[in-house]
Asks: 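Dropping a structure here in structure tokens format, bear with me for questions.
Note: hydrogens, waters and symmetry copies are ignored here, and every other heavy atom, side chains too, is used. Numbers for residues simply follow the sequence, beginning at 1. As the structure lists them, so they are numbered: ligands from 1, and atoms in each ligand from 1.
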Amino acid sequence: MEYSEKVMDHFMNPRNVGKIEDADGVGEVGNAKCGDIMKMYIKVENNILVDVKFNTFGCASAIATSSMATELIKGKTVEEALELTNKAVAEALDGLPPVKMHCSVLAEEAIKAAIEDYMSKKA
Ligand code: FES
């Protein structure tokens, strides 16, 4: 199995790891295939994701995709963040081995869960 340089970079030096204490939305999701879990925190101001952090108990691909996903949605609107697909994240990483594609779903789902949490708190 071959990982791209970008995947290795984001795995070795993941961006935005951690927790936002006063997060506006928190999403936690699990991957049914492997049992890995991910928690995503978002801070929203004027409909913009001003901060995003994540924690994962997951594999290298899960870490790399979450790291890339947080970079891609930071500074974007809530609507733009909702449109981010795991495919787009994998492409931004120059691809993932096919057997690891399911890992990238975790990041997309965690972002959606965090935004749903934010929306329900706002409503
Ligand atoms: Fe579980 Fe990759 S093997 S997320």
Asks: Donor-acceptor pair, distance only, cut-off 3.5 Å: does the side chain of Asn46 make one with the backbone of Ile48?
Replies: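 No, Asn46 side chain to Ile48 backbone: no donor-acceptor pair under 3.5 Å.
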Asks: Glu108 side chain to Val105 main-chain N or O, any donor-acceptor pair under 3.5 Å?
Replies: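 Absent.
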Asks: Taking only heavy atoms of Lys100, which atoms of ligand 1 are found under 4.0 Å from at least one of them?
Replies: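 It comes down to these atoms of ligand 1: 2 (Fe), 3 (S).
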Asks: Check if Met38 has a non-hydrogen atom at a distance under 4.0 Å from any atom of ligand 1.
Replies: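 Per 4.0 Å heavy-atom rule, Met38 does not contact ligand 1.
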Asks: Take a 6.0 Å sphere around NZ of Lys121 and say whether it holds more than 12 heavy atoms from other residues, nucleotides or ligands.
Replies: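 For Lys121, atom NZ is crowded (more than 12 foreign heavy atoms under 6.0 Å).
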Asks: If you leave out waters, which protein N, O or S atoms are less than 2.8 Å from atom 1 (Fe) of ligand 1?
Replies: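 Only Cys34 SG, Asp36 OD2 fall inside 2.8 Å of atom 1 (Fe) of ligand 1.
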Asks: Asn55 side chain to Gly18 main-chain N or O, any donor-acceptor pair under 3.5 Å?
Replies: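 Yes, the answer is positive, given that a donor and an acceptor are paired below the 3.5 Å cut-off.
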Asks: What I want to check is whether the side chains of Glu109 and Asn86 have a donor and an acceptor closer together than 3.5 Å.
Replies: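 On atom types as modelled, these side chains do not qualify, holding no pair under 3.5 Å.
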Asks: Taking Ser4 for its side chain and Leu93 for its backbone only, find out whether a donor-acceptor pair lies under 3.5 Å.
Replies: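 Such a contact is found between Ser4 side chain and Leu93 backbone.
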Asks: Could you tell me whether Glu79 atom CD has more than 12 heavy atoms of other residues or ligands within 6.0 Å of it?
Replies: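 It does: Glu79 CD has more than 12 such atoms within range.
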